[in-house]
Amino acid sequence: MNDKDVQRREELGPDRRQEISSLERRALLKLGFAISGVFLGGSVLSLVSVRKADAAGAPVIGGYPYNPHYTMVIRERHCIDCELCKEACVKTNGVPAYGYRTTILEKRRALEEGKFETTFMPVLCNHCNNPPCVRVCPTTATWKDKTTGIVGIYRPSLCIGCKTCMTACPYNARYFNEERRAIDKCDFCFASRLSKGEKTTACAAACPADVRVFGNLADHGDRVYRLLHAPETLIWVLRPETGAVPNVFYVNT
Amino acid sequence: MNTHLAGIFPRSGGLEARRSTTLTLTMALLALLAVAGIVAGIHSLVAGHEHTFGVSRGVPWGILIATYVFFVVISTGLCIVSSIGHVFGFKEFMPIAKRAVFLSIVNISTGFLVIAFEIESSWRMVVGNVVGANLTSNIWWMGTLYGFYLVLMVVEFVMLQKGRHGLASACGLAVLLTGIAANSNLGAVFGLLNGQWFWQGPYMPIYFVTSAATSGAVAIIFYTVLAYKVNGWQMSEAMKQSLGSVARLAVLMLAIIVFFTFWRTVAGVTGSAPGRHEALLALLNGPYRFNFWAGEVLLGLVLPLVLLLATRGRNINVLFVATLIAMVGMFFMRYDLVILGQLVPPYHGMGLVDYPEFYSYSPTLHEQLVVVGGAAFCGLFFLLGERFFRGHLVDSH
């Protein structure tokens with residue numbers, strides 16, 4: 001399946017859903033969830049349920065292994081590239097000029113008659129359920145917290161700077177902080193905000209367009225849960241083929 | 001103490017190293033280059049790679065990782081080649097065994113020296129690798145196993161020097177198994193990264209062990225002929241025959257690497273695995289085409305194969321030229337393998353604006369100095385080894 005297929009599916013109205021293959025329809029009906037796509041480098045791999053997208057590789061399909069299961073939903077089409085999120089991240093977490101914990105990429109899609117459509121794609125650490133960076137760290141300087149699921153550099157004093165985690169990360173989410181002599185990355189503002197009682201990340205709080213929605217996927221009343229389980233929502237994750245099972249979801253609503 | 005040392009450092013017998021002004025000056029130059037490399041490396045650790053190295057967020061592993069791989073793969077290969085004679089008892093491989101063991105120690109030490117400057121907080125390894133040992137990490141296994149390997153290899157060498165061949169053989173077997181385990185883990189460091197499709201797969205650990213055997217056969221011929229040339233020694237018939245046998249092994253291993261390279265290329269070009277395909281195109285017909293065709297294919301494989309086959313391993317001068325250019329070609333192989341695997345950005349093919357098709361990397365002066373310093377360190381200890389161990393001659397046992 002390619003970009004055109006995705007585009008076609010997005011353009012399908014509710015009354016034309018019969019154009020989706022029967023196999024996909026069965027999977028959809030069986031699980032009773034909204035249609036979602038998994039976007040991979042310009043090609044959609046499959047249409048899967050939200051729960052299945054989240055739970056691929058997780059022990060129980062439909063379950064979220066952490067509580068709070070911290071998640072970020074990116075409402076991509078609303079991003080205007082104002083970069084206030086980046087500024088807030090830098091200020092809150094002391095990110096040096098040569099590094100970043102989050103950034104915004106610009107996508108361009110050709111339309112008819114020489115026109116094109118631009119969308120902005122915020123990217124950050126995906127706090128994967130199966131984080132490749134954690135497996136490769138020789139000194140367990142980094143791990144995925146058993147309660148929150150946040151992947152962090154919890155013991156920077158053990159980081160030897162081999163940078164294997166940087167090569168392992170499918171999202172280029174890590175950089176070497178020269179001042180701390182250790183790898184640094186997004187920790188969903190756990191050290192700077194969540195551990196101090198704040199409820200959301202600096203980037204989400206700073207976003208004027210309500211692009212970044214942060215919350216607990218294990219809480220059915222939480223906005224991220226509702227966004228990811230709303231009908232008529234196209235949901236995708238980045239680079240699902242790596243088997244990392246990310247927790248940053250992109251939606252078209 | 002002196003008796004023990006006398007057992008390790010022979011005072012008579014063997015071959016007397018040449019003591020000429022040229023050789024002394026060469027060793028002084030090598031020492032100077034090694035010190036320059038170490039100083040550059042220490043400066044890079046103090047100032048930070050951000051300011052001194054060409055590595056970046058996109059390409060965090062640079063030429064020093066390639067150099068480390070180059071030396072440790074040679075070390076493992078020398079261990080494999082030495083074991084054929086003094087562990088498994090193939091007599092034709094006996095004459096090269098002692099030199100191979102010694103140079104294996106020198107090469108792994110060079111690898112460790114170089115990587116100490118690439119690992120940006122390397123001083124934390126001593127505590128970190130023990131306190132935070134991660135058994136799922138291939139790089140932890142690789143580092144730990146190579147650490148044991150070095151210690152065991154030194155014990156093996158001492159036993160060989162003392163003429164305790166039974167213990168040396170037992171130790172040699174342990175070193176061989178540890179070395180292969182370490183080497184295949186080094187391959188797995190690359191092969192088990194699912195986000196990097198150029199490396200990903202079981203091919204890497206297998207390729208690394210095969211490359212090691214190839215490197216070992218090539219390197220022992222190169223070093224042996226060089227030792228005899230610089231010291232003006234006359235090569236015995238037994239040594240010539242031994243080198244001929246090693247050359248036949250080298251031909252076989254090079255042919256296997258041709259096979260590996262061919263199918264990796266065909267598989268990468270035919271399929272369209274994201275990342276692997278683009279990286280291979282960069283290698284075959286992109287910015288790295290010179291490295292591949294001139295470095296890897298011509299110097300690393302075709303010319304050595306042609307030269308070795310043409311002379312059937314009998315002409316010592318041709319053996320030297322063939323193995324010298326093969327070593328240069330192998331450096332290209334290691335460099336391309338390490339760098340190409342990182343060049344394709346993670347979000348390629350998504351129609352991103354101002355997003356590179358390939359990341360770029362070129363080594364800085366600091367990195368080049370460390371590489372040259374590492375090679376000089378290796379060369380210096382090779383020459384010192386010939387002098388202090390009197391040509392590494394092997395007693396019959």
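As the structure is a computational prediction, the values presented were derived from the model and not from experiment. Every chain is numbered from 1, with letters handed out A, B, ... down the list of sequences.
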Side-chain heavy atoms of [X] within contact of [Y], under 4.5 Å:
X: A:Trp143; Y: B:Asn134; answer: no
X: A:Pro170; Y: B:Pro346; answer: no
X: B:Met125; Y: A:Thr139; answer: no
X: B:Leu352; Y: A:Arg108; answer: no
X: A:Lys107; Y: B:Val353; answer: no
X: B:Ile119; Y: A:Cys162; answer: yes
X: B:His49; Y: A:Lys163; answer: yes
X: A:Thr167; Y: B:Gln196; answer: yes

Please step through side chain to side chain contact (heavy atoms under 4.5 Å, CB included) for the pair A:Phe176 and B:Ser121, ending with a clear verdict.
CA-CA 10 Å; A:Phe176 189 81; B:Ser121 300; 3.7 Å; yes
If you compare all heavy atoms of A:Ala168 against all heavy atoms of B:Leu193, which two are closest, and at what distance to 0.1 Å?
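For A:Ala168 versus B:Leu193, the nearest heavy atoms are CB-CD2, 3.6 Å.
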Could you tell me which non-hydrogen atom of B:Glu50 sits nearest to which non-hydrogen atom of A:Glu178, and how far apart they are?
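Where B:Glu50 meets A:Glu178 most closely, the heavy atoms are N-OE2, 3.1 Å.
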Pi-cation contact, A:Tyr100 with B:Arg57 (under 6.0 Å, within 45°)
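Yes, B:Arg57 and A:Tyr100 form such a contact.
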Looking only at heavy atoms, which of residues 142-149 of chain B get nearer than 4.5 Å to chain A?
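Result: none.
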Regarding A:Arg135 and B:Asn138, is there a side-chain donor-to-acceptor distance under 3.5 Å anywhere?
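Side-chain D/A pair, A:Arg135 to B:Asn138: present.
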